[in-house]
Amino acid sequence: MSNDSSVDLVTGAFSYSGSYIAERLLDSGRGVRTLTFHPQRAHPLQARIETVRYRFDDLTALTHSLAGVRTLYNTYWVRFDHGPASFDDAIKNSRILFTAAKSAGVERIVHVSISNASLESPLPYFRGKAQVEDALARSGVHYSIVRPTWIFGGDRDVLTNNIAWILRRMPVFALPGSGRYPVQPVHVGDLARICIDAADSSGDLVLDAAGPERMAFGDLVALIRSAVNARSPIIHIPPPVMAAAARGLGLLVRDVVLTPDEIRGLMDGLLVSHDPPLGRIAFSEWLEQHKTSLGRSYANELQRHFAA
């Protein structure tokens, strides 16, 4: 990307995937602005980024926050309904954001979605992601939609880290069903690179962001178990029992560990791509490099996203 006087805006640049996108842009010489619900929260990138609070309740203010922005990298979404945050609100707010981007003259929106998003999905997460994609396609702004699979890596990894944490500390590790359903993890750094490359597309674009390895979920858990030298047996239980166990663990750690819809999406094989992989970092190689630190502490989703 060429350097010029404009800036790029990354929603959630102090969060997970957004921080990797922002850091890569900064390292390339781009100016970066962010929209966030927590402008005062400490982060290593804070001193390098112009910070503005989300104003979904004020279209004029939101449009002003996008002034001078060439590319909007949108990572805004919610993982599950919680308190004031819901899928319905995330869809509505995304439409407002795209309207503001159009009014502000943003040239392109790079939107982070999810693999196998579908308007016909029975799962609110995947259906909601598809509704946001549809709103973006109707916004009048050129777009690149990037659909990651299972994102791993980095200090803010939740899913892989917490699998390792459970394996290190719990007497058993439960898998819903057979465990033979596929996953195709993509490293968060690869996702950032794919998003920034997608910003240079000449036309509208929809592409998957998936890693080079596809494996059964049960095999992925077994890899982590071996890497962290855990001895907890891996057992197979029915999905409803798994959902109840996840709720119980959630009460223990004061978090939402895994939702019934996430279990179903996992078992339906939705965290894979059917296109050639664009990711380069293999999960198994990354795991070998980070096995000593992985899962040493629990990554609490509620504390990260909803704590003041």
Side-chain angles (χ1 to χ4, degrees), residues 15-17 78-83 123 125 148-188 211 213-272 281-307:
S15 189
Y16 185 34
S17 59
V78 296
R79 187 182 139 199
F80 42 74
D81 289 350
H82 180 77
L123 303 177
Y125 188 104
T149 51
W150 169 318
I151 307 173
F152 73 92
D155 293 338
R156 296 181 66 85
D157 182 306
V158 170
L159 294 176
T160 309
N161 179 82
N162 288 352
I163 289 173
W165 184 86
I166 293 169
L167 285 164
R168 286 183 185 275
R169 287 164 177 78
M170 297 296 149
V172 297
F173 187 98
L175 285 179
S178 69
R180 291 195 294 268
Y181 31 86
V183 291
Q184 191 174 358
V186 61
H187 191 273
V188 64
E213 292 180 319
R214 180 189 290 209
M215 66 191 76
F217 179 64
D219 292 340
L220 179 142
V221 172
L223 275 177
I224 298 172
R225 180 180 181 271
S226 176
V228 302
N229 198 29
R231 299 184 180 181
S232 300
I234 298 173
I235 63 173
H236 300 264
I237 60 177
V241 178
M242 180 70 198
R247 284 194 299 272
L249 180 58
L251 291 173
L252 178 65
V253 297
R254 299 182 179 182
D255 193 17
V256 176
V257 176
L258 195 64
T259 70
D261 283 349
E262 288 173 334
I263 293 171
R264 182 172 176 183
L266 178 64
M267 295 183 67
D268 284 350
L270 298 180
L271 300 181
V272 298
I281 299 172
F283 179 83
S284 59
E285 295 177 3
W286 170 87
L287 181 61
E288 180 63 24
Q289 295 169 2
H290 295 84
K291 61 185 181 182
T292 58
S293 60
L294 191 66
R296 292 294 182 182
S297 60
Y298 180 80
N300 191 296
E301 186 90 3
L302 292 183
Q303 287 182 2
R304 290 184 178 184
H305 292 285
F306 298 102

Atom CZ of Arg180 with >12 non-hydrogen neighbours under 6.0 angstrom:
no
Looking at every heavy atom in both Arg79 and Val158, which two are closest together, and how far apart are they?
NH1-CG1, 4.3 Å
With a 4.5 Å limit on heavy-atom distance, are the side chains of Tyr16 and Asp157 in contact?
yes
Any chance you could measure Phe283, atom CZ, to Asp219, atom CG, to the nearest 0.5 Å?
11.5 Å
About how many Å separate CG of Asn300 and CG of Asn162, when rounded to the nearest 0.5 Å?
8.5 Å
Show me the donor-acceptor pairs, under 3.5 Å and distance only, between side chains in residues 148-155 and residues at least two apart or in other chains.
residue : atom : partner : partner atom : Å
Thr149  : OG1  : Gln184  : O            : 2.5
Trp150  : NE1  : Thr160  : OG1          : 3.3

CG of Leu123 to CD1 of Ile263, rounded to nearest 0.5 Å, is 11.5 Å
In this structure, CH2 of Trp165 is separated from CD1 of Ile224 (nearest 0.5 Å) by 14.5 Å
Given 3.5 Å as the limit, does a donor-acceptor pair link the side chain of Asn161 with the main chain of Gly295, or not?
yes
Taking all non-hydrogen atoms of both residues into account, name the closest pair between Pro239 and Gly177 and its distance.
CD-N, 4.5 Å
Hey, is the main chain of Arg231 close enough, under 3.5 Å, to the side chain of Arg225 for a donor-acceptor pair?
yes
Distance check, rounded to the nearest 0.5 Å: Arg169 atom CZ versus Tyr298 atom OH?
11.5 Å
Applying salt bridge (Lys or Arg N to Asp or Glu O under 4.0 Å), can you list everything that pairs with Asp268, at least two apart in sequence or on another chain?
Arg264
Restricting to non-hydrogen atoms, name the atom on Ser284 and the atom on Glu213 that form the minimum distance, rounded to 0.1 Å.
OG-OE2, 2.6 Å
For Leu223 versus Met215, what's the shortest heavy-atom pair and its separation?
CD1-SD, 3.8 Å
Has Arg156 got a side-chain atom pairing as donor or acceptor with Ala299's backbone, closer than 3.5 angstrom?
no
Which label fits His82 and Phe80: parallel for a plane angle under 30°, tilted from 30 to 60°, or perpendicular past 60°?
perpendicular
Which is it for Trp286 and His187 under the side chain to side chain contact (heavy atoms under 4.5 Å, CB included) test, yes or no, and what are the steps along the way?
CA-CA 9 Å; Trp286 170 87; His187 191 273; 3.8 Å; yes
Of all the heavy-atom pairs spanning Leu294 and Ala164, show the shortest one and how long it is.
CG-CB, 3.7 Å
Decide yes or no on side chain to side chain contact (heavy atoms under 4.5 Å, CB included) for Leu249 and Leu258, but give the supporting numbers first.
CA-CA 9 Å; Leu249 180 58; Leu258 195 64; over 6 Å; no
Which pair of heavy atoms, one from Arg168 and one from Ala230, lies closest together, and at what distance?
N-CB, 4.4 Å
Side chain of Ser232, backbone of Met170: donor and acceptor closer than 3.5 Å?
yes
Output for pair (Arg254 CZ, Leu302 CG), nearest 0.5 Å, gives 11.5 Å
Only counting residues at least two apart or in another chain, list the ones meeting salt bridge (Lys or Arg N to Asp or Glu O under 4.0 Å) with Glu288.
Lys291
